[in-house]
Amino acid sequence: MEKILVLDFGGQYNQLIARRVRENHVYAEIRECSSISLEDVRNAHYKGIIFTGGPNSVYDPASPTFDHGILEMGVPVLGICYGAQLIAHMGNGLVRSAADSSEYGRAVLNVNTDCPLFKGVPEESVCWMSHSDFISKLPDGYEIIGHTANCTIAAYENSEKRIYGVQFHPEVTHTEFGKSILRNFVLDICECHQEWLMDSFIETTVNEYRQQLKGKKVLLALSGGVDSSVAAVLLHRAIGNDLYCVFVDHGLLRKNEGDLVESTFKKGMGLNLIRVNAKDRFLSKLSGVSDPETKRKIIGEEFVRVFEEEAAKIGNIDVLAQGTIYPDVIESGKDKSAVIKSHHNVGGLPETMSFKSVVEPLRDLFKDEVREVGIKLGIPYDLVYRQPFPGPGLAVRVIGNITEEKLNILKDADEIFRAEVGKYCKEEIPSQYFAVLTDLRTVGVMGDFRTYGYTVAVRAVRTDDFMTAQWSRLPYELLEAVSNRIINEIQGVSRVVYDITSKPPGTIEWE
Ligand code: XMP
């Protein structure tokens, strides 16, 4: 299959670059610049190479670089921001630092529309700049093809070698014609065919695993989340009932969710699914525990124990299947991965269990590609596009110690909130929205009686990446309906509040 190399120099938008390439149905893979040699690049027969941005200055001796030979391979190259500066620097051009020339944010870009990189791009458009260094002189053989008011060399080309550089970021949506620029590079300049299609991905993957896993027992922990669900249905297509899906219902799921997962995947999709109802076990371990991290740890450990017991009952498992996706693979190659993983793998998989091998059928896919595969496999839309749900579940949304009574109150409140959001937010559904049961009780009046009940908080946020988030400006009518319904329909609640904290400084979850 044809592929584009996204050579990572540490920029923050690198995954976005690869996704933008793949939107054109061309496979792109990200490799850290220090993790791949010139020989590896040559042997991989890439159709094109993109140098990403990065936080460094090219003239800093410690800054990341690459073997100059990469520009002499005859493969088209596009440098973005730092990547563009690096190409200029490698070819004996000049890169300067000048505080008064730094540009952050939107800028008007003027381009030479005859250049193939700018096919279909108007002479003047908006681009997104983020740099303090700038290229002051191009190497021989290179020409300027774009400028802004502050940046004389905002884009350049070496048409003979098919090497291009842009000082701005075509991958971010603020660059009006960024998608066209990347498409021109990938399809016209690199002459890639549009072969990266989810239908063929499914067919190839199913065929491969059918061969590879023939006669083997495969175990998968199904959480009901998108990744494990898609991995399960894909593998089930390949090996049928040799795939054993274990769904541990820890009792901390949203209302009716355990039944929904079971009916969707067991009855609907015909998976070989074992549901383990372990609520009592989890609640007894959590009894009296109020510290959030301790809760997470207990749940993680208990999950592993239940999972191991079920695996032992099935016996002779050869292979473990996981719903790892491409961003997980990229993250695990970086230092920060340790933190991210321990956070998100709560309710994850036992490290101590020994399997002969592990399969990860989604390890090359971005989340939106996983969703597309899910839809093509016939998984219901609501499940494929569901909002994220933390592994420790409602345990981190009942503040303080957890009791069955509190859990039931939260499940009811959360169900009401989700139903009303569904009713009122037809156009713009928040990225994540849920109820939290605070540990605070307050006084209220109902009829002639004084009440003293819990405070429920509702939270809704808008985000692309869940690393930062804005609190959603929900309509007042929605908030009013939610408040009325929660107080009237749920005993033990006397107050409803709306969380107006963005992230940062808040986190999305309360615990
Ligand atoms: P925070 O609260 O860190 O959440 O802003 C960011 C995203 O991660 C989810 N989240 C978790 N997911 N295990 C998970 O699998 C966890 O322990 C966990 N804590 C938070 C959260 O729901 C949001 O989508």
Side-chain angles (χ1 to χ4, degrees), residues 15 220-231 247-254 257 261 282 285-286 289-304 306-307 322-325 327-329 331-332 336-351 362 366-368 370-371 383-400 402 410-411 413-414 417-418 421 429-438 457-472 499-511:
Q15 290 194 28
L220 179 141
L222 185 87
S223 69
V226 186
D227 305 340
S228 65
S229 301
V230 175
F247 167 46
V248 179
D249 182 348
H250 49 27
L252 303 161
L253 300 171
R254 288 166 286 202
E257 194 166 18
V261 170
F282 278 85
K285 289 273 172 191
L286 288 166
V289 177
S290 56
D291 174 62
E293 286 312 306
T294 315
K295 285 183 190 175
R296 277 194 169 81
K297 217 163 155 253
I298 290 172
I299 293 165
E301 279 172 11
E302 199 59 16
F303 179 93
V304 170
V306 175
F307 191 72
Q322 299 196 99
T324 316
I325 69 171
D328 304 331
V329 176
E331 292 304 342
S332 59
K336 61 182 178 189
S337 66
V339 185
I340 293 170
K341 283 275 169 190
S342 67
H343 180 66
H344 287 276
N345 264 2
V346 176
L349 292 159
E351 278 167 24
L362 310 178
F366 283 114
K367 194 78 169 189
D368 46 344
V370 173
R371 292 203 163 106
L383 248 155
V384 168
Y385 281 91
R386 67 197 338 211
Q387 53 169 318
F389 185 68
L394 301 182
V396 290
R397 295 181 183 169
V398 169
I399 309 306
I402 302 166
L410 177 59
K411 284 183 190 181
D414 189 65
F417 184 46
R418 282 186 292 128
V421 169
I429 300 177
S431 316
Q432 200 170 0
Y433 51 102
F434 53 87
V436 173
L437 187 67
T438 75
V458 287
R459 176 128 175 90
V461 294
R462 175 98 231 126
T463 169
D464 286 329
D465 54 12
F466 297 88
M467 319 254 259
T468 60
Q470 287 283 329
W471 61 272
S472 297
D499 183 351
I500 52 165
T501 321
S502 287
K503 173 183 179 177
T507 48
I508 295 175
E509 302 290 345
W510 274 38
E511 280 197 337

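Note: hydrogens, waters and symmetry copies are ignored here, and every other heavy atom, side chains too, is used. Every number for a ligand or one of its atoms is a count from 1 in the order of the listing. We number each residue from 1, following the sequence as shown.
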- Examine G391 against ligand 1 and note whether any of their N/O atoms are separated by less than 3.5 Å. yes
- May I ask you to check if ligand 1 and I508 share an N or O to N or O distance below 3.5 Å? yes
- Within reach of ligand 1, part of A469 (heavy-atom separation under 4.0 Å): neither
- Item | Approximate separation, where rounding is to 0.5 Å, of Y385 OH and D368 CG | 8.0 Å
- Message: As a check for students: among R296, E509, E293, identify the option with a heavy atom nearest to atom 18 (C) of ligand 1.
- Response: R296
- Item | Option whose closest heavy atom lies nearest to atom 6 (C) of ligand 1, chosen from Q432, R459, K503 | K503
- Task: State, to 0.1 Å, how close F282 and F303 come at their nearest heavy-atom pair, and which atoms those are.
- Result: CZ-N, 3.7 Å
- Task: Going by the side-chain contact (heavy atoms from CB on, under 4.5 Å) test, name the single residue among V436, V398, T501 that passes it with W510.
- Result: V436
- Query: So which of V306, I299, L286, L394 actually passes side-chain contact (heavy atoms from CB on, under 4.5 Å) with H250?
  - Reply: I299
- Query: Of all the atoms in ligand 1, which lie at a distance below 4.0 Å from a heavy atom belonging to F466?
  - Reply: 6 (C), 24 (O)
- Message: Using the rule given for salt bridge (Lys or Arg N to Asp or Glu O under 4.0 Å), can you reason through E511 versus R397, listing the C-alpha separation, both sets of side-chain angles and the distance that settles it, and then say yes or no?
- Response: CA-CA 7 Å; E511 280 197 337; R397 295 181 183 169; over 6 Å; no
